[in-house]
Peer 1: 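Pasting a structure below so you can have a look.
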Amino acid sequence: MAEEYDSKTHELFVRKWRKKTPLGAYGPWEIEVGEAPLPVSALQPDFLKESNSNPIFIRKDTKSSFQWRVRNLPYPKEVYSVTVDKAERCCIVRTTNKKYYKKFSIPDLDRCNLELFESALSFAHANNTLIINYQKPKEILAIEEELQRELKSMKTNADGDVECKTQ
C-alpha cells in the first residue's frame with residue numbers, strides 16, 4: 001500500500017494497493033482513494049479513445065466522511081437513488097431512467113469489520129456531479145486520528161530536497 005498526503009493539511013490525496021500475481025511479480029496499482037494519473041496513451045492522439053462524456057467515479061475522503069464523486073451525470077437529483085445492500089456489504093447508485101448503475105464497497109469498513117448503515121449515507125447533485133457521502137464511524141475516526149499523530153511526528157521532505165548520491 002502507498003499513501004500520499006498533503007504535508008501542510010495532512011489530507012489524504014491518494015491511497016493505492018499493489019498485490020502479487022500468482023507468479024510472484026507485482027501487479028498494477030489499484031487506486032482506492034484519489035485519481036489515477038493519466039496513462040501515457042491518453043497524452044498521445046489515438047484513433048480510438050474513451051468518450052469525455054462517460055461518467056467518472058472517484059473517491060475523495062473528507063475528515064468526517066467517505067466521499068465519492070461521479071462526474072458527467074446530467075440528470076436531476078430526483079432521478080438518483082443511493083442505497084445500502086447489507087447482504088453484499090456495498091452501496092448501490094442507480095437512476096430511475098436506468099441510465100446509470102454502480103455498486104461499490106467501502107474497503108475501510110471491510111478491513112475493520114464494521115456494518116454499513118443506510119442512515120450514514122447521503123447524496124447531493126451539482127454541476128453534473130453526483131456527490132455521495134458516508135459518515136465515518138467513531139472507530140474509523142479514532143484510527144485516523146492516531147495515524148495523523150504518527151504522521152505529524154514524521155519528518156517530511158519538501159519537493160526538490162531529494163538526496164542524489166553520485167558515484
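Heavy-atom basis, side chains included; hydrogens, waters and symmetry copies ignored. One-based numbering along the sequence shown.
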Peer 1: Linking directly or through intermediates, with side-chain heavy atoms under 4.5 Å: list the remaining ILVMFWY members grouped with Ile58, chain and number order.
Peer 2: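 Hydrophobic cluster check, Ile58: joined to Ile56.
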
Peer 1: My understanding is that only residues two or more places apart in sequence, or in another chain, count here; which of them pass side-chain hydrogen bond (donor to acceptor under 3.5 Å, both in side chains) with Asn97?
Peer 2: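 Once residues adjacent in sequence are excluded, the partners of Asn97 under the side-chain hydrogen bond (donor to acceptor under 3.5 Å, both in side chains) criterion are Thr95.
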
Peer 1: What residues form a side-chain hydrogen bond (donor to acceptor under 3.5 Å, both in side chains) with Thr129, not counting sequence neighbours?
Peer 2: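 Counting only residues at least two positions away or on another chain, Thr129 forms no side-chain hydrogen bond (donor to acceptor under 3.5 Å, both in side chains).
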
Peer 1: Under the salt bridge (Lys or Arg N to Asp or Glu O under 4.0 Å) rule, what pairs show up with a residue in residues 130-140, not counting sequence neighbours?
Peer 2: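 Only Lys136-Glu144 qualify under salt bridge (Lys or Arg N to Asp or Glu O under 4.0 Å).
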
Peer 1: Does a donor on one side chain and an acceptor on the other come within less than 3.5 Å for Gln67 and Asn133?
Peer 2: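 The answer is yes; a qualifying pair exists.
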
Peer 1: Please set out all donor-acceptor pairs under 3.5 angstrom arising from side-chain atoms of residues 111-120, sequence neighbours excluded.
Peer 2:
| from | atom 1 | to | atom 2 | distance (Å) |
| --- | --- | --- | --- | --- |
| Arg111 | NH1 | Glu32 | OE1 | 3.4 |
| Arg111 | NH2 | Glu32 | OE2 | 3.1 |
| Glu118 | OE1 | Val84 | N | 3.2 |

Peer 1: With sequence neighbours excluded, what pairs up with Tyr80 under the ring pair (Phe, Tyr, Trp, His ring centres under 6.0 Å) test?
Peer 2: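 Result, ring pair (Phe, Tyr, Trp, His ring centres under 6.0 Å) vs Tyr80: His125.
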
Peer 1: So which pairs with a foot in residues 74-83 pass salt bridge (Lys or Arg N to Asp or Glu O under 4.0 Å), sequence neighbours left out?
Peer 2: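 Non-adjacent pairs meeting salt bridge (Lys or Arg N to Asp or Glu O under 4.0 Å): zero.
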
Peer 1: Please name all residues satisfying side-chain hydrogen bond (donor to acceptor under 3.5 Å, both in side chains) with Arg94, sequence neighbours left out, ordered by chain then number.
Peer 2: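 Arg94 satisfies side-chain hydrogen bond (donor to acceptor under 3.5 Å, both in side chains) with no residue once adjacent residues are dropped.
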
Peer 1: Which residues pass the side-chain contact (heavy atoms from CB on, under 4.5 Å) test with Ala87, not counting sequence neighbours?
Peer 2: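 By the side-chain contact (heavy atoms from CB on, under 4.5 Å) rule, Ala87 matches Asp85.
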
Peer 1: Check for me whether Lys99 meets the cation-pi criterion with Tyr75, that is, NZ or CZ under 6.0 Å from the six-membered ring centre and within 45 degrees of the ring axis.
Peer 2: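 Geometry flag: not set, cation outside 6.0 Å or 45°.
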
Peer 1: With sequence neighbours excluded, tell me which residues meet side-chain hydrogen bond (donor to acceptor under 3.5 Å, both in side chains) with Thr62.
Peer 2: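 Testing Thr62 for side-chain hydrogen bond (donor to acceptor under 3.5 Å, both in side chains), a comparison that skips the adjacent residues, returns Ser65.
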
Peer 1: Among pairs that include at least one residue of residues 86-112, which meet ring-ring contact (aromatic ring centres under 6.0 Å, His included), considering only residues two or more places apart or in two chains?
Peer 2: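 Pairs touching residues 86-112 that pass the test: Phe57-Phe104, Trp68-Phe104.
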
Peer 1: Go through the structure and list residues passing salt bridge (charged side-chain N to carboxylate O under 4.0 Å, His left out) with Lys103, not counting sequence neighbours.
Peer 2: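 With sequence neighbours excluded, Lys103 shows a salt bridge (charged side-chain N to carboxylate O under 4.0 Å, His left out) to Glu88, given in chain and number order.
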
